[in-house]
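Convention: sequence-line order gives letters A, B, ...; per-chain numbering from 1.
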Amino acid sequence: MANEKQVNEYILNRRNNLKALKDAGINPYPVKFEYDITPSQIKEIFEKYDAAQLEELNKKVKTCGRIIAKRVMGKVTFMHIFDEGVKLQLFFAQDKVGKKEYKLLKKIEVGDFIGVEGTLFRTKTNELTVNVEKYTFLAKAIRPLPEKWHGLQDKELRYRQRYLDLLTNPDVRKTFLLRSRIISEIRKFFESKGYIEVETPMMQLIPGGAAARPFITHHNALDIDLYLRIAPELYLKRLIIGGFNKVFEINRNFRNEGVDTQHNPEFTMVEFYEAYADLRDMMRITEELFTTICDNVIGKRKIKYLDHEIDFSTPFRKMTMREAIVEFGKDIKFEDLNSKETLLPIAKKLEIEDAEKLNYGKLLSEVFETVAEEKLIQPTFITEYPIEVSPLTKTIEGDERFVDRFELFVAGMELANAYSELNDPDEQLKRFKMQLKEREKGDDEAQMMDEDFLVAMEHGMPPTGGEGIGIDRLVMIFTNSPSIRDVILFPYMRPKKEEKTEEK
RNA sequence: GACCCCGUAGCUCAGCUGGUAGAGCAUCUGCCUUUUAAGCAGAGGGUCGCUGGUUCGAGACCAGCCGGGGUCACCA
């Protein structure tokens with residue numbers, strides 16, 4: 001991407017050095033370097049040896065990395081290379097590497113990759129260092145790296161050029177390492193319980209399983225529009241019907257909605273289903289999963305998140321949606337929550353938009369979100385969701401208005417959503433029809449009818465518990481990150497407008 | 001989508017009440033055999049996000065646009 005405007009003195013200098021290396025018969029981009037030890041292994045193994053021990057050991061190493069600092073002192077030069085988050089110092093003396101080789105060192109600069117052979121020793125200031133005898137040029141950088149001790153601060157550049165962020169800001173590297181370990185732990189957790197990992201379509205004819213606007217794409221050969229999935233739910237249930245009793249999927253969902261500190265258009269969920277399980281089982285699994293991550297990845301069950309201390313000790317608190325409204329809402333009584341008529345004045349007072357247009361269940365959810373959601377700091381299961389907002393969930397015995405569902409809240413964020421899955425095909429048809437009516441009323445997030453899914457369910461679906469957990473938000477909590485962008489390597493960014501480059 | 005804040009050298013940042021641009025790192029030249037934010041001496045580097053406007057004069061003031069951050073709305 002040689003942009004005319006970006007050809008500046010830095011790039012010119014570096015290109016000149018590149019040419020000088022080539023002229024000296026050096027391949028600036030060789031195929032391979034056979035190292036026998038990495039900088040981090042050197043630090044790990046030899047940090048405990050003192051100067052005298054190292055001298056006696058006379059340990060030869062062959063290692064490599066990216067140059068991040070260079071200090072020329074006449075006929076000796078110090079460099080630091082960086083590899084896998086670890087810094088290692090190199091020492092070059094003209095006497096040792098040879099006059100010609102030492103002179104060529106001038107063409108090697110910060111950002112370049114280098115391989116070295118030499119012996120380990122300690123400098124006067126006691127730093128473990130490679131006394132280089134031979135070096136090999138590994139790759140040339142023709143753009144400079146960001147400044148060395150402030151790192152890259154500009155948020156826009158950090159997100160757009162995450163590789164620079166990762167190189168210069170150690171905490172960022174840590175966050176993404178932790179993310180990787182958390183996902184690995186989640187995978188191990190489900191596998192150890194006999195779940196199998198599956199992959200279901202990302203491109204769907206009918207985007208089901210959640211209430212959200214989808215992205216639309218087009219298949220040219222078939223000349224049909226397809227949707228990027230908003231959830232894998234309906235496909236995972238087809239697998240339960242197909243006799244896989246425990247399945248999970250860790251993958252991306254896509255929702256065509258606003259972007260903020262808790263929402264990215266594509267985000268990662270783990271969704272899992274277990275035949276013959278119900279909502280209580282899902283609660284237990286959720287508690288166990290969170291404590292497993294605490295124990296195996298973080299090392300403790302009480303963690304700091306922003307201004308809060310979050311305590312993942314089990315059991316997590318459980319409240320019904322209505323109980324939460326009464327607890328956190330001012331002057332709201334339980335009796336007020338039983339009908340649209342009694343809810344309306346409360347909703348109006350809370351300035352909920354178009355409250356009179358909402359049905360009972362939506363109104364109740366809106367009131368809950370306004371009054372309680374952000375106050376649910378400690379892990380809390382909220383249960384008994386209204387049927388109107390839960391078209392895929394079984395009702396509670398004895399009260400047809402509510403369903404057997406929970407959402408888990410931590411630090412005021414929705415982290416998980418679980419159901420005793422609806423498996424009665426006639427009831428499911430009724431629920432889809434309810435959704436269609438809402439859609440006709442203008443709710444473009446109401447769910448679409450999926451007849452193929454209904455046919456699957458008509459073949460018989462066992463009682464099933466299912467759940468989805470938002471991995472990005474979970475990682476936010478465990479890495480103390482205030483924004484979802486801090487836990488997604490390449491978050492959504494508006495494309496940069498092309499600047500017209502005038503010819504000169 | 002609304003509102004608030006931000007955009008100055010490769011990077012990190014100053015720049016007053018409007019008077020034609022500054023520092024540190026980095027780069028280039030020279031010196032230097034134990035430095036680590038190496039040091040010393042010197043040099044170069046800018047479409048002040050973009051486009052208009054006000055003004056004798058704009059990095060600064062005004063308008064619009066582009067990009068970013070945040071709050072709210074939306075997203076159960």
Side-chain angles (χ1 to χ4, degrees), chain A residues 5-14 16-17 51 68-80 87-96 102 106 109-111 121-127 129 131 141-161 164 168 210-213 230 255-265 267 321 351-353 358 361-370 373 382 385-386 388-391 393 403 405 407 409 414 417 443-447 482-483 485 491 493-502 504:
Chain A
K5 214 180 163 181
Q6 290 175 349
V7 174
N8 57 28
E9 57 165 324
Y10 292 92
I11 293 176
L12 283 174
N13 283 334
R14 284 169 176 268
N16 286 338
N17 287 339
I68 53 157
K70 185 183 174 190
R71 295 177 293 277
V72 184
M73 236 128 284
K75 295 192 178 60
V76 303
T77 295
F78 291 90
M79 294 187 195
H80 270 110
K87 284 197 318 189
L88 177 68
Q89 186 167 254
L90 308 178
F91 176 78
F92 300 78
Q94 183 178 282
D95 297 349
K96 197 130 202 172
Y102 190 83
K106 212 178 168 189
E109 52 210 320
V110 171
F121 78 115
R122 283 190 184 275
T123 60
K124 276 182 184 166
T125 49
N126 209 34
E127 180 164 346
T129 303
N131 191 355
I142 55 174
R143 287 175 190 265
L145 294 178
E147 193 235 23
K148 55 189 170 192
W149 65 83
H150 294 99
L152 193 64
Q153 297 300 321
D154 186 313
K155 280 208 170 168
E156 183 174 356
L157 291 181
R158 289 180 49 202
Y159 295 144
R160 285 193 199 277
Q161 295 179 279
L164 296 177
T168 53
R213 274 181 285 259
I230 55 174
R255 297 187 184 174
N256 207 338
E257 312 276 6
V259 179
D260 63 27
T261 50
Q262 291 178 33
H263 297 84
N264 196 66
F267 64 101
M321 179 179 277
E351 294 173 1
I352 290 169
E353 236 177 287
L358 300 177
K362 278 200 183 150
L363 207 50
L364 189 71
S365 306
E366 289 281 341
V367 170
F368 165 74
E369 278 158 43
T370 311
E373 196 171 310
I382 297 296
Y385 277 68
E388 293 92 332
V389 297
S390 317
T393 317
V403 298
R405 166 181 180 181
E407 287 191 352
F409 289 87
E414 177 199 336
N417 182 16
D443 180 355
D444 52 4
E445 277 153 13
Q447 301 199 16
S483 168
R485 286 194 167 106
M493 289 296 248
R494 206 179 291 254
K496 241 179 151 175
K497 205 179 130 197
E498 284 271 318
E499 282 177 37
K500 281 175 199 161
T501 46
E502 281 169 87
K504 280 183 181 170

Within the modelled atom types, does a donor on one side and an acceptor on the other bring the side chain of [X] and the base of [N] under 3.5 Å apart?
X	N	value
Gln94(A)	U33(B)	no
Asp95(A)	U33(B)	yes
Asp260(A)	C72(B)	no

Does the distance from a Lys or Arg side-chain N to an Asp or Glu carboxylate O, for Asp95(A) and Lys75(A), drop under 4.0 Å?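 Judged by the 4.0 Å cut-off on N to carboxylate O distance, Asp95(A) and Lys75(A) do not form a salt bridge.
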Using 4.0 Å as the upper bound for N to carboxylate O, is an ion pair formed by Glu127(A) and Arg122(A)?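 A salt bridge is absent here (no side-chain N lies under 4.0 Å from a carboxylate O).
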Options [options], nucleotide nearest the side-chain atoms of [X]:
X	options	value
Gln153(A)	G68(B), C13(B), U34(B)	C13(B)
Arg71(A)	G68(B), U35(B), U12(B)	U35(B)
Glu353(A)	U34(B), C13(B), A73(B)	A73(B)

All side-chain hydrogen bond (donor to acceptor under 3.5 Å, both in side chains) counterparts of [X], not counting sequence neighbours:
X	result
Arg14(A)	none
Gln89(A)	Arg71(A), Thr129(A)
Tyr102(A)	Thr77(A)
Thr123(A)	Thr125(A)

Which is more 5' along RNA chain B, the nucleotide nearest Ala93(A) or the one nearest Glu366(A)? Just name the residue.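 Looking at the nearest nucleotide for each, Ala93(A) comes out on the 5' side.
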Heavy atoms under 4.0 Å, any strand shown: does [X] hit a base, just sugar-phosphate, or nothing?
X	value
Phe121(A)	base
Arg485(A)	sugar-phosphate
Glu414(A)	nothing
Ser365(A)	nothing
Phe368(A)	nothing
Gln262(A)	nothing
Thr261(A)	sugar-phosphate
Gly151(A)	sugar-phosphate

Dot-bracket, 5' to 3', for RNA chain B please: Watson-Crick or G-U pairs under 3.5 Å, [ ] where pairs cross earlier ones, | where the partner sits on another strand, dots elsewhere. (((((((..((((.....[..)))).(((((.......))))).....(((((..]....))))))))))))....
In B/S/- notation, 5' to 3', how is nucleotides 23-31 of chain B contacted by protein heavy atoms closer than 4.0 Å? -BBBBS-S-
Whole angstrom is fine here: how far is it from CZ in Phe91(A) over to C1' in C32(B)?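 About 13 Å, once rounded to whole Å.
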What's the NE2-C1' distance between His80(A) and U35(B), to the nearest Å?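 Atom-to-atom, His80(A) to U35(B), this comes out as 9 Å.
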For atom [atom1], what is the distance between [N] and [M], given to the nearest Å?
N	M	atom1	value
A58(B)	C48(B)	P	12 Å
C16(B)	U35(B)	P	42 Å
U55(B)	G59(B)	C1'	16 Å

Should Arg160(A) be listed as having a side-chain N or O under 4.0 Å from OP1 or OP2 of G68(B)?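 For G68(B), OP1 or OP2 has a side-chain N or O of Arg160(A) closer than 4.0 Å.
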Say you draw a straight line from [atom1] of [X] to [atom2] of [Y]; how long is it, rounded to the nearest 0.5 Å?
X	Y	atom1	atom2	answer
Ile352(A)	Leu358(A)	CD1	CG	8.0 Å
Phe91(A)	Met73(A)	CZ	CE	9.5 Å
Asn264(A)	Met493(A)	CG	CE	10.5 Å
Glu414(A)	Gln262(A)	CD	CD	9.5 Å

